[in-house]
Amino acid sequence: MASISSKYVSTLLLILLSICLHINCSSAARDLAETTSTEFIRTSCSATTYPKLCYSSLLTHASKIQTSPMLLANAALSVTLASATSTSTMMQKLSQSHGMKPREVSAMQDCMEELSNSVDQISRSIDELGNGKVTNFKLMINDVQTWASAALTDENTCSEGFEGNPMNGKLKTLVREQIVNIAHMTSNALALVNKYASLHS
């Protein structure tokens with residue numbers, strides 16, 4: 001009876017040991033994959049104009065991006081779109097607030113129109129880049145680059161509209177900071193799109 005019991009305990013210990021090894025190996029593999037994708041993002045972002053912003057905005061998407069230049073470019077466009085959309089909503093609310101001068105309202109409306117165009121162009125870029133059935137890569141990537149560049153131009157135009165405008169100081173700073181941030185993100189996304197394009201040239 002004692003020998004059966006010790007054999008049972010030995011088998012149970014072996015099973016537990018193999019489970020623990022499997023869990024540790026899986027965890028190690030997961031950690032290695034995460035480190036690899038994090039390093040891939042860091043290295044890729046170092047080629048952008050605003051590497052710190054690039055890295056911080058994409059780090060949370062590391063597990064999805066892995067080491068894919070296409071997924072990296074798509075994620076960069078997606079986080080830019082999310083930021084542009086939330087800023088557009090914020091500006092819409094601000095433009096309806098009381099106490100704004102006609103010139104301030106006009107500047108906000110012009111900027112919102114530019115930002116709306118930017119959101120549309122970034123959305124089109126994401127759709128085009130994520131299209132799995134690409135028959136002509138060069139045509140597809142040219143479209144993405146054109147739309148992302150146009151979005152950046154719109155954002156810069158919007159930002160410049162506040163430079164000489166005698167707006168309320170705090171409001172002007174708040175809006176301009178948001179727009180400049182989106183322009184920087186778009187610039188980074190475009191750089192990553194260009195890098196992805198260069199791999200196919």
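The main-chain N or O of T48 is never found under 3.5 Å from a side-chain atom of N188 such that the two would form a donor-acceptor pair. When atom types are taken as modelled, the side chain of S198 and the backbone of K195 share a donor-acceptor pair closer than 3.5 angstrom. Without hydrogens or angle criteria, S88 side chain to A84 main chain gives no donor-acceptor distance under 3.5 Å.
Among residues at least two apart or in separate chains, there is no ring-ring contact (aromatic ring centres under 6.0 Å, His included) pair with a member in residues 103-126.
For the atom pair CG (L81) and OG (S86), the distance works out to 9.5 Å, reported to the nearest 0.5 Å. Interatomic distance, CD of Q121 versus OG of S116, reported as 9.5 Å (0.5 Å rounding). Atom CD1 of I179 and atom SG of C111 lie 4.0 Å apart (nearest 0.5 Å). Separation of atoms OG (S118) and CD (E113) is listed at 12.5 Å; rounding is to 0.5 Å. In this structure, NE2 in H184 is found 8.0 Å from CG in L53, a value given to the nearest 0.5 Å. In this structure, CG in N74 is found 4.5 Å from CG in L129, a value given to the nearest 0.5 Å.
Across every non-hydrogen atom of P51 and C45, the tightest pair is CB-O, 3.3 Å. Scanning all heavy atoms of the two residues, the minimum distance from S57 to V79 falls at O-CG1, 3.7 Å. Here the closest non-hydrogen pair linking T49 and S187 is OG1-OG, 3.7 Å. Residues M108 and M91 share a closest heavy-atom pair of CE-O, 3.6 Å. Contact between N156 and A183 at its shortest, heavy atoms only, is OD1-CB, 3.8 Å.
Relative orientation of the F137 and Y196 rings is perpendicular, given thresholds of 30° and 60° on the angle between their planes.
In this structure, a donor-acceptor pair under 3.5 Å is absent between the side chains of E114 and T157.
Side-chain heavy atoms closer than 4.5 Å link hydrophobic residues (I, L, V, M, F, W, Y) into clusters, and following such links, even through other members, never connects V180 to I182. W147 and I141 are members of different hydrophobic clusters when ILVMFWY side chains are connected at heavy-atom separations under 4.5 Å. L58 and L71 sit in two unconnected hydrophobic clusters of ILVMFWY residues. Membership requires side-chain heavy atoms under 4.5 Å apart, directly or through other members. Put simply, I65 and L192 are part of the same group of oily side chains (I, L, V, M, F, W, Y) that touch within less than 4.5 Å, one to the next. Under the 4.5 Å side-chain heavy-atom criterion for ILVMFWY residues, a single connected hydrophobic cluster contains both M185 and L72.
Remark: F40 pairs with no residue by the ring-ring contact (aromatic ring centres under 6.0 Å, His included) rule, at least two apart or across chains. In this structure, the side chain to side chain contact (heavy atoms under 4.5 Å, CB included) partners of S149, at least two apart in sequence or on a different chain, are L190.
D154 is not listed as a side-chain neighbour of L115, based on a closest heavy-atom distance of 4.5 Å or more. The shortest side-chain heavy-atom distance between I122 and E155 falls under the 4.5 Å cut-off.
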